[in-house]
Amino acid sequence: MDAMDRSTNPSAQGSKSPRPAAAADAPVDDTAAPGAVVGSDFLQLDIGEAPPGGRTAWLADRLRSAIADGRLPIGARLPASRVLAEELRVTRGVVTEAYRRLAESGQIAGRGRLGTVVVAAPAAPRDHARDAAGPPLAGTGPEAGAGPALFGSGDRDGLIDALRALPCRIDLSPGVPDLAAFPRTGWLRAERAVLAGVGPADFGYGDPRGAPALRRAVVGWLARNRGIRADPEEVVVVAGVAQALGLLAQILRAEGIHRIAVEDPGSLGARQQLEYGGHEIVPVPVDAGGLNVGALRASGARAVLLTPAHQFPTGVVLDGERRRELLSWAAEGGVVIEDDYDAEHRYDRPPVPALRSLLPDGVCYAGSVSKLLAPALRVGWLLVPPDRRDALVTAKRYADLGNGVLTQLVLARLMDSGELERHLRHVRQRHRRRRDVMLRAIDRHLPGARVHGAAAGLHLMVTFGDPRGGARDGGFRDTDLAAAALAGGVKVHPLSWHRITPGPPGLVLGYAAGPAHEIDEGIAVVGATLRGLLR
């Protein structure tokens, strides 16, 4: 791969610092050099088909379609940017920017001397005719039938999974990190080292608590990054926070606890895990200081689930006074479940200590690598007070006999080697740049929106209308806005999905997973859709 390819392909940068935000967002010279006939034998590309000023998007779209329909299978090598630019008679920046866009979406990657190769296929090929015409009007796209049915449903079971399965052009759903930045090289290196060192016995059934190597590595990770002092014997490896909540629901019911308080607004998915476990959910309001502990006391609930370091979805931090009140409530017998889902991703504020670091014997602490690396790994950890540990291990044993051992060993090596910290520093910079792009786009396309939670995390919450009033203060329902945006090819979460009691309309917008140009385009579609609803 030539030098320009390396500079525009994040997976080829290794440990080098990412490009500054200005370079990432700089306009590309999109003009063709003079010439009579321009084209390439590669994919029979004809630059004459590209619209004026849109050659970069055209080229990226043609490459994406060729990957989707199999003309460029996984492992196929792309021409060097210099060669393809010469054949198309365009500036080299057009090609390198198109390659960068596909690299950011995880479809191509640099492979050293092998050049730039295809590493993953998109879910479906793009519709060129639709793209050339621009985003469809709200309610006219291929998802127009599915959107209203999905967002208009009063039954919220499976809503997030159903939305995830629908096709779209741009996905601004919250809860996903930059998957294109997954450290493939580091993972493969760790995997090879693990396979070279394991013996036959390591391929058998493992400890249901988790591989000892990973439990030790998790203890080190939590000590360095979350201020938590623990012993490996306290750690139980689980299949993500979702399983952690399911196991806790099971053991708390066995103790006679049937009502669990949750933040309102709060994560719909987390709430559903507890409801599926047979618990009654009690909403407790969240304000600028975090969970209202006075309202928690008044609720009579004996357990509470909360996200104190970065509340989902508002982004507020549980303040010092509320923390002291909550720890006092826990010392009196209350059960605190701390979901520390994305505390490592912070940009404009200092780190916030975990509750578990302040009251080790009073907090059930859950974390995972879903927001650090990828949800697909399905690896997390759960620490509970000593009097619940045996019940937790028993529940885990009967759930699945334990997580896959080899994945645990690879992850342990990434943690112990410092590779995971390096990856975190790298994606923090990428996430921050994308957050800034979304903030600028909201300012430009949603000027009436109020932004919440920009200092940390992987998403923003925006609200419309008077924050003191009801759900229709903005003159529309956020589910209608989300449905119409989906018809325009853009996925978002309506804030009302994550509320139990009524509140102003809003959206929860993820910015970490997509490249900058898609973020700006997606917010533009949402803004145009909102203006259409308000006319």
Side-chain angles (χ1 to χ4, degrees), residues 157-158 160-161 198 200-219 222 228 230-262 267-281 301-305 333-341 356 360-370 374-412:
D157 285 345
I160 294 175
D161 289 339
V198 298
D202 294 300
F203 290 96
Y205 291 102
D207 188 329
R209 297 173 299 172
L214 180 56
R215 285 188 279 135
R216 289 192 298 269
V218 167
V219 165
L222 295 178
I228 295 174
D231 186 272
E233 294 300 309
E234 300 177 59
V235 177
V236 175
V237 178
V238 292
V241 172
Q243 186 183 50
L245 296 179
L247 296 175
L248 286 171
Q250 182 179 336
I251 64 177
L252 291 178
R253 273 188 60 82
E255 295 177 17
I257 297 176
H258 301 284
R259 302 173 76 239
I260 298 181
V262 298
S267 168
L268 170 62
R271 186 167 77 239
Q272 289 176 332
Q273 289 289 338
L274 299 177
E275 289 176 327
Y276 185 76
H279 288 271
E280 177 189 348
I281 297 304
R302 294 170 55 194
V304 61
L305 167 66
V335 180
V336 175
I337 304 171
E338 180 177 15
D339 179 1
D340 205 28
Y341 69 105
R356 180 61 166 66
D361 291 337
V363 176
C364 302
Y365 176 89
S368 80
V369 297
S370 293
L377 296 177
R378 307 311 307 139
V379 178
W381 41 85
L382 180 57
L383 286 68
V384 300
D387 58 346
R388 293 187 172 91
R389 200 166 299 145
D390 289 344
L392 172 62
V393 174
T394 298
K396 174 63 176 175
R397 177 185 297 112
Y398 285 110
D400 55 18
L401 296 181
N403 284 41
V405 175
L406 291 180
T407 299
Q408 295 183 62
L409 295 178
V410 175
L411 181 57

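What you see is a predicted model; the values in this text were computed from it and never measured.
- Between Asn403 and Leu214, the closest side-chain pair of non-hydrogen atoms is not below 4.5 Å.
- The distance from the CD atom of Gln273 to the CG atom of Leu247 is 10.0 Å, given to the nearest 0.5 Å.
- A distance of 11.0 Å separates CZ of Arg388 from CG of Asp361, quoted to the nearest 0.5 Å.
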key: Candidate pair Ile228 and Tyr365, rule side-chain contact (heavy atoms from CB on, under 4.5 Å), full reasoning   = CA-CA 10 Å; Ile228 295 174; Tyr365 176 89; 3.6 Å; yes
inquiry  = side-chain contact (heavy atoms from CB on, under 4.5 Å) for His279 and Arg259? Distances and angles first, verdict last.
reply    = CA-CA 5 Å; His279 288 271; Arg259 302 173 76 239; over 6 Å; no
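- Residues Leu382 and Lys396 are not in side-chain contact: their nearest non-hydrogen atoms beyond the backbone lie 4.5 Å or more apart.
- The backbone N or O of Gly278 lies less than 3.5 Å from a partner atom in the side chain of Arg253, making a donor-acceptor pair.
- No side-chain heavy atom of Asp231 sits less than 4.5 Å from a side-chain heavy atom of Val219.
- Salt bridge absent: Arg302 and Glu255 never bring a charged side-chain N and a carboxylate O closer than 4.0 Å.
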request  = Evaluate side-chain contact (heavy atoms from CB on, under 4.5 Å) for Cys364 paired with Val335, printing each intermediate quantity in order.
outcome  = CA-CA 8 Å; Cys364 302; Val335 180; 4.2 Å; yes
message = Test side-chain contact (heavy atoms from CB on, under 4.5 Å) on Ile260 and Leu248; report intermediate values, then the result.
response = CA-CA 11 Å; Ile260 298 181; Leu248 286 171; over 6 Å; no
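- Remark: the backbone N or O of Ala395 is not paired with any side-chain donor or acceptor of Gln250 at under 3.5 angstrom.
- Taking the charged nitrogens against the carboxylate oxygens, Arg215 and Asp207 do have a contact shorter than 4.0 Å, which makes a salt bridge.
- Side chains of Leu222 and Val235 form no contact here, defined as non-hydrogen atoms less than 4.5 Å apart.
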